[in-house]
Amino acid sequence: MMWRTVKLGDIAKPYGGNGFPKKYQGSADGDIPFLKVSDMNSDGNEKFMIHANNYVTSSVLREIKAKIHPTGTIIFPKIGGAISTNKKRILANPSAFDNNVMGVVPSEDVLPEYLLKIFHNLDLYELSNKAALPSITSGAVKDIDIPLPSLPVQKQIVEKLDAAFADIDKAISATEKNIENAETLFKRSLKMIFSHRLNDLAEQSLENVCEFTRGAFGGSLKKSIFVEEGYAVYEQRHAIYDQFDEIRYFITEEKFNEMQRFEVLPNDLIMSCSGTLGKIAIAPKKLKKGIINQALLKLTPKQGTSSKYLKYYLSSDYFQDHLKAISGGAAVKNVPSVKILKKSPVIMPELELQERLVLEIENIKNKTTNLNKLYLKKLQNLVSLKTAILNQAFSGELTKDAA
């Protein structure tokens, strides 16, 4: 194979972006896109068409001494967590970009589309300084080893990769849809159980089946009182992600005793109350002693109420639709007042039937979870297949017969 290995700095020139004054941000007066990392959240199209939120004039660019980069420039984030994402694009229009973006302008020896595929095969984090806020220098980019075949072979590689990736992307899209469908199926099953299996039973108020405790408001939990170790402060994310292990904030024993009415005990339910509405988790048996913060509502089941049944009921669309209605619609980001929530109607059968329904629901949930595991495994395999094909391409395996 007539391939060379060269340094990227020999066949392309990296450029950092420019600072972008606030007075020009949000501008639409010009015809030149001024790109930021956030603009790279496009539809995933590798060719970065004009999706910028800022358009400036040539005079503005001269004022801030910003460079216009030509069509075919490869752009990617050069600082922060975005380095580890797949935000690697190719400019389809001359553009400027800010100082969180790096551009690489290829020479005549390399096709921009080929160079972009090279970047898709790179772990940009490995090029960074790996600091708490990682960053990439132009020197690190220049030093990348690039396999460089002839221009016709580069074109052939790009065409083969595009064709292969189009098929893989279709499979990925179908698999993601299957995951979404499995989750929808579980939600529908849950709603059907509560709407059909309980339609002969009378409703009662939620306050009859559980006790309510809204998290402390005001200055009770200022960041200045937090300590490195001690009693846990449970946050909204514990309800949203249904986990109680990762604790960010702690208080002293003295503060805990002062706020003991907000203590979370095993079997309590916690509900998110702002931002992400109505997400619910059950406190496990092995629970670090702690309290809820102001963004949570604690529900303590009364005798004769199964925690699991109550969680599934409150998490179901059957109840969530009601929650949205009394919140003024889905756009409202806060759970209604405890006073209103207490009067929410629930159907609470005898404990024996609650437990039978929980078993039925968890059987469906287990099947859905197993199905999702298969789909997620397939998704991982498809992503790995992309990596394997890229490795084949740049080792010459895809173009063995090409000169």
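Just so you know, these numbers use all the heavy atoms, side chains as well, and skip hydrogens, waters and symmetry mates. For clarity, every value in this text was computed on a predicted model and none was experimentally measured.
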Short question: side chain of [X], backbone of [Y] - any donor-acceptor pair under 3.5 Å?
{"X": "K302", "Y": "E207", "result": "yes"}
{"X": "S138", "Y": "P14", "result": "no"}
{"X": "T137", "Y": "A140", "result": "yes"}
{"X": "Q320", "Y": "L314", "result": "yes"}
{"X": "Q354", "Y": "S306", "result": "yes"}
{"X": "N18", "Y": "D98", "result": "no"}
{"X": "E235", "Y": "R237", "result": "no"}
{"X": "D39", "Y": "K36", "result": "yes"}
{"X": "S173", "Y": "K170", "result": "no"}
{"X": "K88", "Y": "F119", "result": "yes"}

Handout entry: Worked check of ring-ring contact (aromatic ring centres under 6.0 Å, His included) between F250 and F256
Key = CA-CA 9 Å; F250 300 90; F256 172 79; over 10 Å; no
Exercise for the section: Name all residues meeting the salt bridge (Lys or Arg N to Asp or Glu O under 4.0 Å) criterion together with K87; count only those two or more places apart in sequence or in a different chain, and write none if there are none. Expected result: none
Got a sec: does the [atom1] of [X] have more than 12 other heavy atoms crowding it under 6.0 Å?
{"X": "E258", "atom1": "CD", "answer": "yes"}
{"X": "K7", "atom1": "NZ", "answer": "yes"}
{"X": "K377", "atom1": "NZ", "answer": "no"}
{"X": "E352", "atom1": "CD", "answer": "no"}

Practice task
Check the pair I251, I225 against side-chain contact (heavy atoms from CB on, under 4.5 Å), reporting the backbone distance first and the verdict last.
Solution key: CA-CA 7 Å; I251 56 175; I225 71 166; 4.2 Å; yes
Is the shortest side-chain heavy-atom distance between [X] and [Y] below 4.5 Å?
{"X": "I361", "Y": "I364", "value": "no"}
{"X": "P134", "Y": "N129", "value": "yes"}
{"X": "D317", "Y": "L190", "value": "no"}
{"X": "L296", "Y": "F262", "value": "no"}
{"X": "L8", "Y": "V141", "value": "yes"}
{"X": "T71", "Y": "P94", "value": "yes"}
{"X": "K117", "Y": "I157", "value": "no"}
{"X": "V37", "Y": "T85", "value": "no"}

Practice task
Would you check, one step at a time, whether the test side-chain contact (heavy atoms from CB on, under 4.5 Å) holds for F34 with Q25?
Solution key: CA-CA 9 Å; F34 199 105; Q25 293 184 22; over 6 Å; no
Exercise for the section: Please work out which of the three classes, parallel, tilted or perpendicular, describes the rings of F319 and H322, given edges at 30° and 60°. Expected result: tilted
With rounding to the nearest 0.5 Å, note down the distance linking [atom1] in [X] to [atom2] in [Y].
{"X": "L299", "Y": "L297", "atom1": "CG", "atom2": "CG", "result": "4.5 Å"}
{"X": "S135", "Y": "I83", "atom1": "OG", "atom2": "CD1", "result": "6.5 Å"}
{"X": "Q260", "Y": "K289", "atom1": "CD", "atom2": "NZ", "result": "6.5 Å"}
{"X": "E126", "Y": "S84", "atom1": "CD", "atom2": "OG", "result": "9.0 Å"}
{"X": "L359", "Y": "K308", "atom1": "CG", "atom2": "NZ", "result": "8.5 Å"}
{"X": "I270", "Y": "I240", "atom1": "CD1", "atom2": "CD1", "result": "9.5 Å"}

Exercise for the section: Verify the ring-centre separation between F76 and F97: is it less than 6.0 angstrom? Expected result: no
Problem - Aromatic ring proximity, centroids under 6.0 angstrom, Y114 and F394 - result: yes
Practice task
Could you pull out the closest heavy-atom pair between G19 and I64, with the gap in Å?
Solution key: O-CD1, 3.9 Å
For residues 176-188, dump all side-chain donor-acceptor pairs below 3.5 Å to protein atoms at least two apart in sequence or in another chain.
from	atom 1	to	atom 2	distance (Å)
N178	ND2	A174	O	3.4
N181	ND2	K177	O	3.3
T184	OG1	E180	O	2.9

Problem - Positive for side chain to side chain contact (heavy atoms under 4.5 Å, CB included) with L385, one of T387, V383, I389, N381 - result: I389
Does a donor on one side chain sit under 3.5 Å from an acceptor on the other, for [X] and [Y]?
{"X": "N267", "Y": "S307", "value": "yes"}
{"X": "Y241", "Y": "E246", "value": "no"}
{"X": "Y231", "Y": "E263", "value": "no"}

Exercise for the section: Could you walk me through whether V227 and K255 pass side-chain contact (heavy atoms from CB on, under 4.5 Å), step by step? Expected result: CA-CA 11 Å; V227 294; K255 190 66 177 177; over 6 Å; no
Practice task
Dump the intermediate steps for side-chain contact (heavy atoms from CB on, under 4.5 Å) on L310 and I282, then the final yes or no.
Solution key: CA-CA 10 Å; L310 188 58; I282 300 175; over 6 Å; no
Problem - Lys/Arg cation over aromatic Y15: K67, 6.0 Å, 45° cone - result: yes
Exercise for the section: Give a yes/no verdict on a cation-pi contact between K386 and F165, requiring under 6.0 Å between NZ or CZ and the six-membered ring centre and an angle within 45° of the axis. Expected result: yes
Exercise for the section: Run the salt-bridge test on D10 and R4 with the 4.0 Å N-O cut-off and return the result as yes or no. Expected result: no
